[in-house]
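Chain letters run A, B, ... following the sequence lines, proteins first, then strands; residues in each count from 1.
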Protein chains: 2
Amino acid sequence: MTIYEIAEKADVSASTVSRVINNKSSVNKKTRNKVQKVLDEYNFSLNETARSLSTNQSKMIGILVADIRNSHYTDIAYETETNLLENGYCSIIINAGNTAERMRESIEILSKRQVDGAIIIGSIFQNKVVEKTLKKNFNDRPIIFLNGSLPNKNVYNLVVAEDEGVKESVYLLKEHGYKHILFMSWMETASNTLKIKGYKEGISNLGYTTYLLNITEKEIKTHNSDVLINYLKLNPQIDAIISSDDLLATLTIKCLTENNINIPNEIGIIGINNSEYCYITTPSLTSLDNKQSELGQLGAQSLINLLNNKSVSKKIQIFPEIIERESLR
Amino acid sequence: MTIYEIAEKADVSASTVSRVINNKSSVNKKTRNKVQKVLDEYNFSLNETARSLSTNQSKMIGILVADIRNSHYTDIAYETETNLLENGYCSIIINAGNTAERMRESIEILSKRQVDGAIIIGSIFQNKVVEKTLKKNFNDRPIIFLNGSLPNKNVYNLVVAEDEGVKESVYLLKEHGYKHILFMSWMETASNTLKIKGYKEGISNLGYTTYLLNITEKEIKTHNSDVLINYLKLNPQIDAIISSDDLLATLTIKCLTENNINIPNEIGIIGINNSEYCYITTPSLTSLDNKQSELGQLGAQSLINLLNNKSVSKKIQIFPEIIERESLR
DNA sequence: CTGAAAGCGCTTACAG
DNA sequence: CTGAAAGCGCTTACAG
């Protein structure tokens with residue numbers, strides 16, 4: 001069923017039908033009612049593809065994410081999708097993986113699909129290939145980059161100041177009486193680098209000693225917790241650990257508990273993400289809430305603003321917040 | 001840049017350019033090379049919207065999910081999206097929430113967007129409103145319903161036989177010497193009803209006694225584990241618990257551990273989902289793998305088959321598998 | 001093997 | 001307030 005068929009049944013022109021559908025003011029009330037009746041009677045459903053072609057607006061947004069199964073990304077993707085939909089935009093979500101080739105390909109796909117803009121999620125996209133591909137195939141439409149940043153003129157960068165958050169975590173540990181703070185991580189991402197930066201600044205400002213431990217995922221998942229335990233044997237003065245994310249913190253708690261090290265008395269622990277993991281551990285986990293949901297919402301809203309020709313800052317920062325639970329004394 | 005402009009530069013007609021782009025056989029090699037050179041030179045990117053309009057195929061699939069943040073759905077959505085993309089289809093993902101109104105709306109949106117088919121994820125969509133809306137606005141394109149079922153003629157239902165899996169879990173507990181098995185849940189979903197059905201069948205086949213406990217999310221999350229502990233005091237013979245999902249199992253372990261009840265000696269525990277939670281608990285969690293990823297893959301593949309006019313069964317069942325870890329003696 | 005033309009289903013500037 | 005016509009950027013049956 002097309003507007004031409006509706007027009008025929010309603011005995012008007014397609015132009016008029018179109019005007020009724022789009023709520024243009026210039027339609028006589030009687031005509032409008034007549035057309036609307038036919039529209040309803042035939043349960044008319046507009047072909048958005050055709051509309052897109054003629055208006056040159058797809059009302060679709062591309063969302064690029066490495067792997068939506070990563071809970072960080074899931075939250076952000078959820079927030080962006082729902083907020084965009086409320087504003088009349090559908091989301092094409094692509095899991096672009098972590099290879100440059102797939103990233104390039106994904107951007108090209110979104111470009112061909114004529115999305116009106118894009119949201120890129122995750123610092124893993126902060127690289128030369130993405131930068132160049134965007135310049136080549138996506139330089140005429142706005143892009144929001146969440147948790148990363150790129151210099152392209154059409155890219156607007158929104159980041160959570162995780163470095164500040166980790167710095168605050170160091171200060172909080174001091175307030176709770178901890179003096180030898182280990183920063184433990186297992187991913188070599190831009191986000192992790194930022195966290196380490198904040199850790200170092202905090203430690204340095206307090207005149208404390210830096211303890212850094214990077215552990216592989218395999219090492220810790222295979223119950224081979226020797227790496228951490230050995231490190232603690234070599235550095236028995238350590239009395240607090242900041243884990244780069246809650247899952248790692250959870251595994252750390254498991255490891256310490258199995259080795260009869262008391263949390264929070266012997267060692268205090270802070271995780272990052274404030275995820276569901278925080279309340280399933282014993283003791284429950286104090287964690288840095290890095291505001292991923294807010295980031296997603298703000299990202300969607302910023303993109304909407306850009307699409308409506310409102311101005312948006314090229315770089316926006318939001319700040320995490322520490323949620324205290326039982327893992328600190 | 002359109003194919004007409006390319007045609008002009010290459011001194012051929014737009015038809016020929018189109019044929020080159022679509023790799024039609026009937027183009028002279030020389031002509032093809034000449035056109036391809038211009039295409040490359042100008043970094044031509046085809047407008048898929050225009051193509052969709054003229055071919056009457058959008059090469060887009062709608063994915064309907066209540067809330068992608070639910071890890072079940074995340075896995076399925078990931079698998080469907082990646083598999084569809086490999087086959088040239090983009091995915092519009094809509095978080096439709098759990099109200100009938102939003103579900104209806106979401107289906108209408110996908111219909112207007114001219115998606116070639118849809119994948120519906122989760123038994124929550126198994127209701128009259130969805131059934132009717134599909135009949136009204138989406139009866140001419142194939143739909144794959146994952147983890148639920150609807151009678152519409154264009155809907156193909158794929159389910160995991162969770163009832164069978166839970167029944168097997170009951171048998172496994174018997175093999176491990178457990179005799180009084182509690183089934184514990186906290187969600188009133190169609191999936192949970194199915195699990196309880198399997199539990200009851202297994203228990204009945206063994207001549208065991210049925211123990212069912214439904215706990216609210218709030219009750220357990222607020223550290224108020226009294227409900228479970230009280231239940232165990234009233235039924236001290238209970239020596240095994242099947243939890244309706246891993247998260248609940250994790251919280252159960254936390255609760256029992258805090259009350260000095262030994263797992264797996266005093267009480268054995270089985271979770272459902274075989275998720276990341278399984279290896280962060282002490283002891284690690286034996287769990288029913290309900291094959292959500294396989295379900296997603298199979299769903300995508302089935303949809304592709306339907307779109308290629310291959311036949312697909314109206315109802316497909318796959319079976320879960322128990323992954324044993326340390327929570328059974 | 002190639003091109004001119006019609007068509008996909010809308011929107012919108014223009015004329016009345 | 002309304003309609004005829006052109007245009008959005010492709011594909012494809014038809015003719016040569």
Side-chain angles (χ1 to χ4, degrees), chain A residues 1-36 38-39 42-60 88 90 108-109 111-116 137 140-141, chain B residues 1-36 38-39 42-60 88 90 108-109 111-116 137 140-141:
Chain A
M1 175 86 30
T2 72
I3 58 169
Y4 276 88
E5 301 177 67
I6 297 291
E8 199 164 275
K9 316 265 185 203
D11 202 28
V12 295
S13 75
S15 319
T16 300
V17 176
S18 174
R19 288 187 190 105
V20 171
I21 291 170
N22 291 291
N23 246 306
K24 303 279 181 185
S25 53
S26 68
V27 183
N28 175 29
K29 201 160 179 206
K30 256 188 172 162
T31 316
R32 180 183 297 278
N33 289 147
K34 184 175 63 173
V35 172
Q36 190 59 55
V38 180
L39 247 19
Y42 289 89
N43 186 33
F44 178 73
S45 167
L46 188 88
N47 184 325
E48 293 282 354
T49 301
R51 173 187 271 172
S52 295
L53 188 60
S54 80
T55 60
N56 198 26
Q57 278 191 67
S58 67
K59 289 276 179 182
M60 293 200 299
C90 275
E108 288 174 5
I109 290 174
S111 175
K112 287 186 191 175
R113 293 284 177 174
Q114 311 297 122
V115 296
D116 293 335
N137 294 300
D140 50 350
R141 290 163 277 183
Chain B
M1 175 89 30
T2 71
I3 58 168
Y4 277 87
E5 301 177 67
I6 297 291
E8 199 164 276
K9 316 265 185 204
D11 202 27
V12 296
S13 75
S15 319
T16 301
V17 176
S18 174
R19 288 187 190 105
V20 171
I21 292 171
N22 293 292
N23 246 305
K24 303 278 181 188
S25 53
S26 69
V27 182
N28 175 29
K29 203 161 175 205
K30 254 189 172 162
T31 315
R32 181 183 297 279
N33 288 148
K34 183 174 64 172
V35 172
Q36 191 59 55
V38 180
L39 248 18
Y42 288 90
N43 186 33
F44 179 74
S45 167
L46 188 89
N47 183 326
E48 294 281 354
T49 301
R51 173 187 270 172
S52 296
L53 188 61
S54 79
T55 59
N56 198 27
Q57 278 190 65
S58 67
K59 288 281 180 176
M60 295 200 297
C90 275
E108 288 175 3
I109 290 174
S111 174
K112 288 186 189 174
R113 294 284 176 174
Q114 311 299 121
V115 296
D116 293 335
N137 294 300
D140 50 350
R141 289 163 277 185

Sugar-phosphate only, base, or nothing, as touched by B:L46 at under 4.0 Å among non-hydrogen atoms: sugar-phosphate
D:dA13: pairing nucleotide in any strand, Watson-Crick or G-U under 3.5 angstrom: none
Side chain of A:R19 - closest among D:dG7, C:dC14, C:dG7: C:dC14
B:S18, nearest nucleotide to its side chain (from C:dC10, D:dG9, D:dT11): D:dT11
Minimum-distance nucleotide (side-chain atoms of A:T55 versus C:dT12, C:dA4, D:dT2): C:dT12
Nearest atoms (heavy-atom pairs only) where B:Q36 meets B:V20: OE1-CG1, 3.7 Å
Nearest listed nucleotide, side chain of A:S54, among C:dT2, C:dG9, D:dG3: C:dG9
Closest approach of A:E5 to A:M1 (non-hydrogen atoms, all atoms of both residues): OE2-CA, 3.4 Å
Rounded distance in Å - CD1 (B:I3) to P (D:dT11): 6 Å
A:V38/A:F44 under side-chain contact (heavy atoms from CB on, under 4.5 Å): CA gap, chis, key distance, verdict: CA-CA 8 Å; A:V38 180; A:F44 178 73; over 6 Å; no
Residue pair A:R51 / A:K59, side-chain heavy-atom distance below 4.5 Å: no
B:A50, nearest nucleotide to its side chain (from D:dT12, D:dG9, D:dG3): D:dG9
Distance test, side-chain N/O of A:S13 to OP1/OP2 of D:dG3, below 4.0 Å: yes
For atom CD of A:E8 and atom C1' of C:dG9, their distance in whole Å: 15 Å
Selection from C:dC10, D:dC10, D:dG9 that lies nearest to any side-chain heavy atom of B:L53: D:dG9
Interatomic distance, B:N33 CG vs C:dC1 C1' [rounded to whole Å]: 15 Å
Sugar-phosphate, base or nothing in reach of A:N56, heavy atoms under 4.0 Å: nothing
Value in whole Å for how far the P atom of C:dC10 lies from CD of A:Q57: 17 Å
Euclidean distance, atom CZ of residue A:R32 to atom P of D:dG3 [Å, nearest integer]: 14 Å
Any-strand Watson-Crick or G-U partner of D:dA4, both distances under 3.5 Å: none
A:I6 and its side chain to side chain contact (heavy atoms under 4.5 Å, CB included) partner, picked from A:V17, A:V12, A:T16: A:V17
Nucleotide C:dT11, atom P - distance to CG of A:N47 in whole Å: 10 Å
Integer-rounded Å distance: C:dT11 C1' and A:N23 CG: 15 Å
Nucleotide of C:dC1, C:dG9, D:dG3 approaching A:T2 most closely (side-chain heavy atoms): C:dG9
Separation of atom NZ in A:K112 from atom P in D:dT11, rounded to whole Å: 11 Å
Per B:T31 side chain, nearest of listed nucleotides C:dG3, D:dC1, C:dT2: C:dT2
Shortest non-hydrogen separation from A:S52 to A:S58 and the atoms involved: OG-CA, 3.5 Å
Nearest-nucleotide comparison on DNA chain D, the residue closer to the 5′ end among B:S45 and A:D11: A:D11
Contact under 4.0 Å: A:N22 side-chain N or O vs C:dT11 OP1/OP2: yes
Short side-chain N/O contact to C:dG3 OP1/OP2 from B:T16, under 4.0 Å: yes
B:K24 side-chain proximity, nearest of D:dA5, D:dT12, C:dC1: D:dT12
Minimum-distance nucleotide to B:S15 side chain [options: C:dC10, D:dT12, D:dC10]: D:dT12
